[in-house]
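Every chain is numbered from 1 and lettered A, B, ... according to where its sequence line falls, protein lines coming before strand lines.
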Protein chains: 2
Amino acid sequence: MIGYDRRMIDAAGLRVMKAIADEGSFTSAANALGFTQPAISQMVRRLEQRTGTVLVERYGRQVRLTEAGQVLARHAVGVLAALDAAEEEITAIAGLRAGRVRLQAFPSSSATLVPRTLAILKARHPDITVTFTEAEPPESLAALRNGDCDVAVAFAYEGGDLGELEEDLSLLVTRRLMDDEVRLVVPTTHPHAHDEAASLADFSGEEWIAGCPRCRGHLLSLADTAGFRPNVAFETEDYVAQLGLVTAGLGVALVPDLILNAAKHDEVAALPLSPASRRQILAVTTPDLQRVPAVAAALDALCEAAGSDPKVSPAELVGAKA
Amino acid sequence: MIGYDRRMIDAAGLRVMKAIADEGSFTSAANALGFTQPAISQMVRRLEQRTGTVLVERYGRQVRLTEAGQVLARHAVGVLAALDAAEEEITAIAGLRAGRVRLQAFPSSSATLVPRTLAILKARHPDITVTFTEAEPPESLAALRNGDCDVAVAFAYEGGDLGELEEDLSLLVTRRLMDDEVRLVVPTTHPHAHDEAASLADFSGEEWIAGCPRCRGHLLSLADTAGFRPNVAFETEDYVAQLGLVTAGLGVALVPDLILNAAKHDEVAALPLSPASRRQILAVTTPDLQRVPAVAAALDALCEAAGSDPKVSPAELVGAKA
DNA sequence: TGGTTTCCATAATGATCGGTTATGATCGCC
DNA sequence: GGCGATCATAACCGATCATTATGGAAACCA
């Protein structure tokens with residue numbers, strides 16, 4: 001198929017017709033548009049043969065629009081205005097005078113990281129609208145893949161001591177925001193409460209309080225390495241509840257620093273693990289979205305809120321398969 | 001000056017963005033528009049680098065519009081609709097389903113020629129709007145030159161027997177509608193009332209009734225050729241009044257056939273002149289307007305109303321200088 | 001009236017645009 | 001793990017759309 005259904009009127013043509021109508025001659029229309037006179041002359045000729053209509057009446061050395069020509073000049077106003085509006089809207093987005101970022105972050109980051117990010121963003125680019133939704137990494141990444149989200153703040157536990165992440169990050173780009181140390185939280189009355197560090201094997205007999213599914217998986221993985229299978233007595237995704245349970249002496253729990261720094265925990269002891277275990281806090285987006293100004297601004301704000309200088313540690317690593 | 005202010009958004013681009021939004025993929029957008037897939041791919045790329053903005057988010061093998069892309073797709077609707085409207089209006093004019101003709105004709109043609117023309121036009125193209133104004137040739141031609149008129153119906157006396165016309169017809173095209181024989185009108189009581197033909201010199205002693213300035217000029221010219229200077233006793237542009245004056249025996253007059261065929265004139269005799277004198281009835285327009293469908297239709301109708309087959313006698317002679 | 005100016009038209013030229021076909025890379029699916 | 005669908009890229013090609021240079025005709029003016 002040849003597929004030659006070329007439209008007979010285009011925006012450029014309309015603009016020329018309007019200029020002729022306004023200026024009254026080809027020459028001054030050309031000047032007004034920044035073209036030379038023959039350009040207008042040919043443009044009109046092309047338009048006339050495309051429409052199969054006489055658009056301009058040449059009488060002597062003056063030109064006048066025919067009825068058809070006036071029709072085009074009249075429509076030009078609306079079309080060009082709409083085009084300008086579109087262009088303006090685009091440049092507004094490009095210049096961060098407009099735009100939208102849809103952010104999804106996991107619950108425990110909502111406490112400090114996200115509010116700080118939103119504040120930075122608001123101060124720096126007050127005209128872009130930021131949407132925030134709380135979601136665990138599996139859901140936020142799904143939303144990202146699905147096009148319902150621009151930036152996902154996720155976390156990934158390190159498997160053993162190698163930085164292998166358990167999510168499927170193919171096709172996505174990640175930006176490392178911070179490392180979040182995981183600590184063992186025990187009641188202050190616990191015999192090991194004042195140790196320098198905690199070796200997990202020493203707590204194999206405890207009752208355990210587990211968090212979200214992935215956190216629970218991480219606990220099981222660490223315990224397995226330490227050679228035991230933890231007795232999980234309680235499960236709750238609410239870290240404040242976890243700390244409450246520990247305070248009440250109902251068990252011990254693994255809690256990341258990000259939580260401990262945000263929530264009050266006077267009546268529990270948070271011991272560093274030995275060997276240490278961390279999770280990475282990551283900002284995730286797609287290669288294309290990364291180049292959208294509003295998204296880029298959000299990523300920068302996230303890095304800044306996380307304390308890592310966005311200029312120094314872009315740390316863009318494309319994740320390998322899970 | 002280089003004058004490179006090329007607009008960053010054009011109608012074609014908008015159409016492509018809208019197609020992508022509607023179809024959900026480059027390939028089906030290409031099918032919908034009758035293009036191949038790479039055409040869409042490149043079009044998007046060009047648009048993106050012209051706007052300096054990411055318009056499409058490629059994730060895996062699916063594509064989605066970014067916010068900026070959605071902006072374009074949204075504006076596309078209005079712009080394309082306006083463009084279609086303009087196009088439709090043009091083709092309506094081209095197809096005589098719309099359009100306008102502004103006709104100006106000299107008074108004595110209003111009697112028969114113009115009404116017949118309007119009737120033909122109305123029957124044949126009921127959707128075009130015809131405007132009619134009565135005006136003597138100098139004014140109607142001025143209107144034509146001025147752009148206030150599309151077709152002027154004028155008359156031109158032949159100077160002597162050569163077809164030299166006294167109007168400035170440069171830059172205009174004329175279409176000969178009919179030849180109008182000029183007769184000498186005398187009261188039926190006149191001694192020469194029943195002659196076969198009238199030799200002008202025989203009436204040098206009469207009192208004359210003159211018409212419009214150009215008709216008066218024609219009378220003077222003919223009389224001059226016949227060797228006398230007519231005694232013009234009355235002047236009126238109203239031919240009916242002229243006939244009335246002749247009937248009352250107040251003088252003689254030169255009256256063209258066009259009038260005699262339309263007005264009652266029982267009580268006067270209309271003698272052919274010897275040598276004969278004619279005036280040409282002409283339709284005048286500009287070369288460009290001539291090609292406008294509605295104008296062409298009007299010209300055809302005029303020819304038909306005048307009794308000359310428009311197909312056989314186009315008689316397009318570009319007038320020389322006066 | 002005849003020269004000058006001021007228009008528009010045309011020709012020759014070149015860059016870019018905007019399509020094509022052919023081909024490659026990659027994701028998702030069975 | 002091949003296969004099909006999808007987008008990207010390369011090479012090519014014609015039409016578009018601008019340029020400069022030039023011509024002709026109309027209007028203007030002394």
Side-chain angles (χ1 to χ4, degrees), chain A residues 1-13 15-16 19-20 23-31 33-50 54-65 145-146 168-172 286-288 318 320-321, chain B residues 1-16 19-20 23-50 54-65 145-146 168-172 286-288 318 320-321:
Chain A
M1 178 179 302
I2 311 168
Y4 248 64
D5 185 34
R6 191 64 143 276
R7 182 164 241 82
M8 70 186 194
I9 307 180
D10 59 350
R15 200 161 48 132
V16 168
I20 295 172
E23 303 288 332
S25 79
F26 284 15
T27 302
S28 44
N31 290 336
L33 296 178
F35 292 145
T36 57
Q37 170 264 315
I40 305 297
S41 209
Q42 301 182 68
M43 189 71 200
V44 170
R45 182 157 44 118
R46 277 192 296 266
L47 255 185
E48 286 188 327
Q49 61 197 30
R50 274 196 292 222
V54 180
L55 298 177
V56 173
E57 179 194 353
R58 289 91 165 162
Y59 180 80
R61 81 186 201 192
Q62 60 179 319
V63 294
R64 290 188 290 260
L65 298 189
R145 275 185 267 268
N146 202 35
D168 175 17
L169 296 178
S170 65
L171 297 184
L172 298 177
T286 70
D288 287 323
V318 179
K321 198 220 149 296
Chain B
M1 178 179 300
I2 312 166
Y4 247 63
D5 184 35
R6 190 65 143 277
R7 181 163 242 85
M8 72 188 194
I9 308 179
D10 60 349
L14 287 185
R15 199 162 47 131
V16 167
I20 295 172
E23 302 289 330
S25 78
F26 284 14
T27 303
S28 43
N31 290 336
L33 295 179
F35 292 148
T36 57
Q37 171 266 315
I40 306 297
S41 208
Q42 302 182 71
M43 189 71 197
V44 170
R45 182 158 45 119
R46 275 192 298 266
L47 255 185
E48 285 187 329
Q49 60 196 29
R50 274 198 291 223
V54 181
L55 298 177
V56 173
E57 181 195 352
R58 289 89 165 163
Y59 179 81
R61 83 183 198 193
Q62 61 180 317
V63 293
R64 290 188 289 261
L65 298 190
R145 276 185 266 267
N146 202 35
D168 176 18
L169 296 178
S170 66
L171 297 183
L172 298 176
T286 71
D288 288 323
V318 179
K321 198 217 148 298

Please report, to 0.1 Å, the donor-acceptor pairs under 3.5 Å made by any side chain of residues 33-47 of chain B, with sequence neighbours excluded.
none

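- Between the CG atom of B:Leu171 and the C1' atom of D:dG24 there is a distance of 13 Å, given to the nearest Å.
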Each nucleotide in nucleotides 1-8 of chain C should get exactly one letter: B, S or -. Can you fill that in based on protein heavy atoms under 4.0 Å? ----BBSB
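- Atom CD of A:Glu48 is separated from atom C1' of D:dT16 by 17 Å (rounded to the nearest Å).
- What separates CE of B:Met43 from P of D:dT16 is a distance of 16 Å, to the nearest Å.
- Using a 4.5 Å heavy-atom threshold, the side chains of A:Ile9 and A:Arg50 count as separate.
- Between B:Arg46 and C:dC17 there is no side-chain polar atom (N or O) within less than 4.0 angstrom of OP1 or OP2.
- In this structure, B:Leu47 atom CG and C:dT16 atom P are separated by 18 Å, rounded to whole Å.
- Taking the nucleotide of DNA chain D with the nearest heavy atom to each of B:Arg45 and A:Gln49, the more 5' of the two is matched to B:Arg45.
- Atom CG in B:Leu55 sits roughly 16 Å away from atom P in D:dC7 (whole-Å rounding).
- Counting to the nearest Å, the P atom of C:dT21 and the CZ atom of B:Phe35 are 13 Å from each other.
- To the nearest angstrom, C1' of D:dT6 lies 15 Å from CZ of B:Arg64.
- Considering CE of A:Met8 and CD of A:Gln49, their distance stands at 13.0 Å, rounded to 0.5 Å.
- Note: CD1 (B:Ile40) to P (D:dA8) measures 11 Å, nearest angstrom.
- Overall, the helix from C:dT1-D:dA30 to C:dC30-D:dG1 carries an axis bend of 20° between its ends, with five pairs at each end and the value rounded to 10°.
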